[in-house]
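First up is the structure itself, then whatever we jot down about it.
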Amino acid sequence: MSQFAGDNTEDDDMKIAPESMSEALASEDSGESVRQELAEQQEKGNVDLAKELGEKYALTLMSLVDTSGEMSSLLREQVVLFSFAVNKVIEELAINSIVAQTALSCFYQQLESKGGSLYDTISDSIAFSLYISATKGLRAGGTIGGVFAKLLQKGNDPQTVSLGNALFADYYARCSKLLQDIPFRL
């Protein structure tokens with residue numbers, strides 16, 4: 001019991017500090033290194049370039065999709081597949097985590113503010129998780145078409161699988177080119 005009158009809390013329930021001071025210091029060091037990396041990337045202009053990249057991804061997706069009416073299931077899956085390609089390219093090709101996080105954040109912010117139902121489509125979709133699961137430990141794009149076909153309730157229809165693989169390859173190439181055309185400074 002606590003020594004304070006009227007306080008019925010057990011002393012064992014109270015945590016004042018981390019189990020070890022090294023945990024606290026490591027956390028501070030990590031936070032400081034992130035702040036330093038962010039400042040360095042801002043100074044090089046890479047944060048602004050990453051925002052530009054995120055905007056380009058959002059504009060590219062918006063140019064591919066007509067959101068004025070109700071989206072068909074095919075169009076919805078294409079939107080999710082494009083978003084997955086954006087994430088995959090950034091994960092694999094971004095020069096560092098600050099650039100990656102900034103570009104993705106800007107991509108999603110642009111879709112949320114200007115993309116109509118696109119943001120809702122990609123943020124509420126379990127399909128994104130299925131694409132991630134499909135590529136764990138496999139070559140990029142190896143089973144993307146299969147997931148695409150299943151999401152469209154086409155089973156393993158060869159034409160739909162082929163379409164999914166072709167769309168992903170196209171989206172991945174477009175997104176890679178957009179990233180590679182940005183003059184990030186190392």
By side-chain hydrogen bond (donor to acceptor under 3.5 Å, both in side chains) - contacts of [X] (at least two apart):
X: R76; value: none
X: E55; value: none
X: T160; value: D157
X: K154; value: none

Only pairs under 3.5 Å count here: list side-chain donor-acceptor contacts from residues 78-87, not counting sequence neighbours, and write none if there are none.
unit_1 : atom_1 : unit_2 : atom_2 : d
N87    : ND2    : S83    : O      : 2.8
N87    : ND2    : Y108   : OH     : 2.8

Do the non-hydrogen side-chain atoms of [X] and [Y] ever get within less than 4.5 Å of each other?
X: Y131; Y: T135; value: no
X: N156; Y: K150; value: yes
X: L53; Y: L49; value: no
X: L118; Y: M62; value: yes
X: V147; Y: L151; value: yes
X: K56; Y: I182; value: yes
X: Y57; Y: I90; value: yes

[X] side, atom [atom1]; [Y] side, atom [atom2] - distance, nearest 0.5 Å:
X: L93; Y: Y172; atom1: CG; atom2: OH; answer: 4.5 Å
X: E52; Y: T102; atom1: CD; atom2: OG1; answer: 13.0 Å
X: L61; Y: Q110; atom1: CG; atom2: CD; answer: 12.0 Å
X: S97; Y: L104; atom1: OG; atom2: CG; answer: 11.5 Å

Does the [X] side chain pair with the main chain of [Y], one donor and one acceptor, at a distance under 3.5 Å?
X: S113; Y: Q109; value: yes
X: S63; Y: T60; value: yes
X: S117; Y: D120; value: no

My understanding is that only residues two or more places apart in sequence, or in another chain, count here; which of them pass salt bridge (Lys or Arg N to Asp or Glu O under 4.0 Å) with [X]?
X: K51; value: none
X: E37; value: none
X: D170; value: R174

Apply side chain to side chain contact (heavy atoms under 4.5 Å, CB included) to [X] and list each qualifying residue two or more places apart in sequence or on a separate chain.
X: L163; value: L74, F148, L167
X: E91; value: K88
X: V161; value: A149, N165
X: K44; value: E40, Q41, N46, R185

